[in-house]
Every structure is written in C-alpha cells, then in structure tokens.
Number of protein chains: 2
Amino acid sequence: MQLSSIWRIVVLMKHILNQKPDYEKELRNAGVRITRPRRIILDILTSTEDHPDAMKIFHRAIEIDDSISLSTVYRTMNLLEEMGAIHRHAFNGGPSRFEQAHGDHHDHLIDVDTGAVIEFKSDKIEKLQEEVAKALGYDIIYHRLELYGRKIDQSS
Amino acid sequence: MQLSSIWRIVVLMKHILNQKPDYEKELRNAGVRITRPRRIILDILTSTEDHPDAMKIFHRAIEIDDSISLSTVYRTMNLLEEMGAIHRHAFNGGPSRFEQAHGDHHDHLIDVDTGAVIEFKSDKIEKLQEEVAKALGYDIIYHRLELYGRKIDQSS
DNA sequence: AACTCAGTTGCAAAGATTCTCAACTGGAAT
DNA sequence: ATTCCAGTTGAGAATCTTTGCAACTGAGTT
C-alpha cells in the first residue's frame with residue numbers, strides 16, 4: 001500500500017511474528033518485578049491458543065503452583081493490559097477474556113461483524129495525542145485507541 | 001490558548017448543547033417499552049452534567065421512586081448502551097461510568113491521580129483515524145480514544 | 001552472603017455486575 | 001374498559017473483580 005510511506009502503519013500479523021516475546025525483559029525494563037506467580041501466568045498466556053478468562057488462567061496456574069491466588073491473576077492481567085502486553089475482551093455480560101498481544105504497543109481496529117482484531121500503530125496519531133494532552137496541561141502516561149469498523153465492500 | 005488555531009480542540013461544554021434528545025420516541029421505535037423506571041433513569045441521564053456510575057444513578061432514582069432496584073439500573077444501562085444512546089467508560093479499576101451520547105462524539109483525557117475526566121475533540125486525530133482505517137480496508141463506525149495522563153507540574 | 005525495603009502476594013472482605021424467577025405491567029387487541 | 005401476555009421488574013443469590021492489610025520476596029547495595 002502506498003500509504004505506508006506517509007503514515008507508517010504497522011499491521012502486525014500474528015502468525016508471522018509468533019516468536020514468544022520476551023515479556024520478562026519488557027517487564028523488567030518497565031521496572032516491574034519478575035515474581036514466581038507472574039512468570040507462571042506469563043507462561044500460560046504465551047503458550048495458549050485460546051482466550052481464557054481469569055478463572056481459567058487461575059486454574060491452569062494452580063496446577064503449576066497451588067499457592068497462587070485469584071487476586072494475583074486479576075492484578076497481573078490489569079498490569080499486563082496497562083502495559084499493552086495483553087488485550088481484554090468483554091463479550092456481552094460474561095467475564096473478561098484475555099489474549100496476548102505481541103511486540104510493541106499498538107492500537108486496535110475491531111471488525112464489528114466478525115469480532116476480528118487488527119492491530120496497528122500510527123506515530124502520527126500518537127504525536128497528536130501528545131499535543132492535545134499538552135494543550136490541556138497533561139502528560140500522557142498511556143492511552144487506549146479502539147476503532148470499530150466494518151469492512152469496505154469491494155464487490156460493487 | 002493559542003493552539004486552538006492549529007488543532008481546534010473542542011472542549012465540549014454540556015450546558016450549551018443541552019437539548020434533550022427524545023429517547024422515549026427512539027426506544028418506542030426500537031420496540032422497547034417505556035416503563036416508569038426507564039423514564040426516571042432517562043430523565044436522570046438527560047439532565048445530568050457529570051458521568052455517574054450505576055450506584056449514583058440508582059441513588060438519584062430512588063429519590064424519585066424508592067421502589068426502583070439496582071438491577072434495573074444496570075439492565076437499563078446495558079439496554080441504552082446497545083442502542084447507542086449512552087456510552088460506558090471503564091476507567092482503570094473503578095466501576096463503569098455512563099454518559100449520554102448527546103449528539104457529538106468526543107474523546108476523553110483521564111487524570112490518573114484524581115480520576116477527573118476531561119472531554120476533548122480533535123478533528124485532526126479523527127481524520128487520521130479515518131485514513132488508517134481506510135488503508136486497512138475498513139470504514140469506522142465508531143471509536144474510543146482514552147488518554148490517561150498526569151497534570152504537568154508548573155511549579156518548577 | 002547478608003541486608004534492605006519498595007513492590008508483590010495471599011487471604012478475606014468488600015465492591016461491582018449479572019442472573020434467576022415469581023410477580024407485575026405496558027400497550028395492543030378486543 | 002377489560003383482557004391478555006411478552007417484556008419488565010424487584011429482591012436476593014450468584015458471579016466477577018478489586019481492595020486492605022500483614023507477611024513475604026526480588027533484586028539492588030553493602
């Protein structure tokens with residue numbers, strides 16, 4: 001696509017960059033401690049294909065170390081979500097389900113028909129966000145951008 | 001602020017565009033019954049300035065009719081959200097807060113220290129979103145942009 | 001290797017949200 | 001106005017998530 005020269009949109013393709021990201025390193029760099037519970041939970045997340053909810057993660061975790069608590073699962077999920085390492089999906093009513101992200105922070109385009117999640121990143125948008133925040137007297141710590149869209153019909 | 005000439009940041013002032021939309025009509029058209037609880041909750045939503053959570057709405061509601069239950073508040077919020085009449089904001093860990101989707105869309109800057117919510121709008125960012133989506137083959141139906149920030153210390 | 005302490009944990013309790021179900025009600029049909 | 005019934009409600013139970021706090025621990029420093 002010719003737009004890439006302008007916007008540097010990075011579309012991440014899951015099946016291609018499926019080398020487990022080194023979350024431990026990322027976490028360490030972010031000043032977060034690598035504890036035994038966190039290591040176990042990260043292992044579960046990076047080695048699963050599905051979108052488990054907190055309870056499911058908890059059950060898998062206590063098979064490895066039965067001292068892990070559900071609170072820690074929830075706390076870890078919140079931590080990872082804020083870091084952009086995982087995504088939270090709240091399907092109508094039910095408990096939140098989680099899915100590992102990959103690589104760097106990125107934003108999301110959600111297909112409203114299929115629920116598919118496309119990840120992208122636009123430096124331009126991020127820069128604008130910074131400027132808007134600055135104008136309002138704030139520094140951005142993190143952000144969340146989700147576009148909900150429908151595939152453009154190309155048949156016509 | 002001199003930036004306005006550049007970014008046209010629109011900090012929305014609710015009390016200016018406070019024409020109440022006719023939700024009752026909309027609901028009726030959608031085949032939803034207008035019950036006493038729903039009418040009261042709608043009145044609360046259309047006449048408030050803030051972003052109340054379910055508990056706050058509940059408390060305001062029972063002052064008008066003390067038979068209304070919290071379940072009904074939650075059910076009504078889910079109903080209205082699905083209809084697009086209100087927006088749900090899940091700021092960090094706290095309870096969801098709601099806001100009527102009066103006319104114009106806007107984004108949010110959340111003060112991570114105080115929880116304060118500042119509304120803003122940047123046409124520039126929205127235009128970029130459109131372009132990104134288009135490059136990915138999608139039309140945007142709606143979007144959510146939340147910046148989490150900390151007030152810039154101006155004392156130094 | 002021992003020391004230190006802010007970050008983290010497990011647990012229990014609180015808080016938030018959804019669900020179940022019998023009773024009730026809006027509004028269409030009569 | 002009365003009847004009727006699918007949609008709605010209130011109450012409380014169940015489920016999901018966060019929080020307060022004392023005990024614990026990772027990892028930097030000595």
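Note on naming: letters A, B, ... go to the chains in the order of the sequence lines (proteins, then strands), and numbering restarts at 1 for each one.
- One atom, CZ of R88(A), and another, C1' of dT18(D), lie 11 Å apart when rounded to the nearest Å.
- Distance check: L27(B) CG to T76(B) OG1 gives 9.5 Å after rounding to the nearest 0.5 Å.
- The CG atom of L70(B) sits 14 Å away from the P atom of dC19(C) (whole-angstrom rounding).
- In this structure, K56(B) atom NZ and dA16(C) atom P are separated by 11 Å, rounded to whole Å.
- Rounded to whole Å, the distance from CG on N78(B) to P on dT8(D) is 13 Å.
- Under the side-chain contact (heavy atoms from CB on, under 4.5 Å) criterion, R33(A) pairs with T35(A), R38(A), not counting sequence neighbours.
- Partner D65(A) forms a salt bridge (Lys or Arg N to Asp or Glu O under 4.0 Å) with one of R36(A), R39(A), R60(A) and no other, that one being R36(A).
- Take Y142(B) and apply the side-chain hydrogen bond (donor to acceptor under 3.5 Å, both in side chains) test, not counting sequence neighbours, and it matches no residue.
- The pair R28(A)-E24(A) meets the salt-bridge criterion, since a charged nitrogen lies less than 4.0 angstrom from a carboxylate oxygen.
- Scored by the ring-ring contact (aromatic ring centres under 6.0 Å, His included) test, H59(A) finds no partners at all (sequence neighbours excluded).
- Whole-Å rounding puts the H59(B) NE2 to dA16(C) C1' distance at 13 Å.
- Without hydrogens or angle criteria, T48(B) side chain to I44(B) main chain gives no donor-acceptor distance under 3.5 Å.
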Between the protein and nucleotides 12-16 of chain D, list the N/O to N/O atom pairs that are separated by less than 3.5 angstrom.
residue, atom, partner, partner atom, Å
dG12(D), O6, S71(B), OG, 2.8

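- Nearest-nucleotide mapping onto DNA chain C: of F98(B) and I34(B), the residue sitting toward the 5' end is F98(B).
- Side-chain rings of H108(B) and H143(A) stay apart, their centers remaining 6.0 Å or farther from each other.
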Worked verdict on H89(A) versus E99(A) for side-chain hydrogen bond (donor to acceptor under 3.5 Å, both in side chains): CA-CA 8 Å; H89(A) 300 291; E99(A) 165 195 26; 2.7 Å; yes
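- Distance CD1 (I40(B)) to P (dG26(C)): 12 Å, rounded to an integer number of Å.
- When rounded to the nearest whole Å, the span between CD of E81(B) and P of dT18(C) equals 9 Å.
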Using a 4.0 Å heavy-atom cut-off to protein, can you give one letter per nucleotide of nucleotides 4-9 of chain C, 5' to 3': B if the base is in contact, S if only the sugar-phosphate is, - if neither? --BBSB
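- In the helix from dA1(C)-dT30(D) to dT30(C)-dA1(D), the terminal helix axes, each the rotation mapping four pairs' C1' atoms onto the next four within five end pairs, subtend 40°, rounded to 10°.
- Between the CD1 atom of I62(B) and the C1' atom of dA11(D) there is a distance of 14 Å, rounded to whole Å.
- The distance from the CG atom of L109(A) to the CZ atom of F120(A) is 6.5 Å, given to the nearest 0.5 Å.
- Two residues are said to be in side-chain contact when any heavy atoms from C-beta on lie closer than 4.5 Å; Y138(B) and I118(A) meet this criterion.
- Across all strands shown, R28(A) has heavy atoms under 4.0 Å from sugar-phosphate atoms exclusively, and none from any base.
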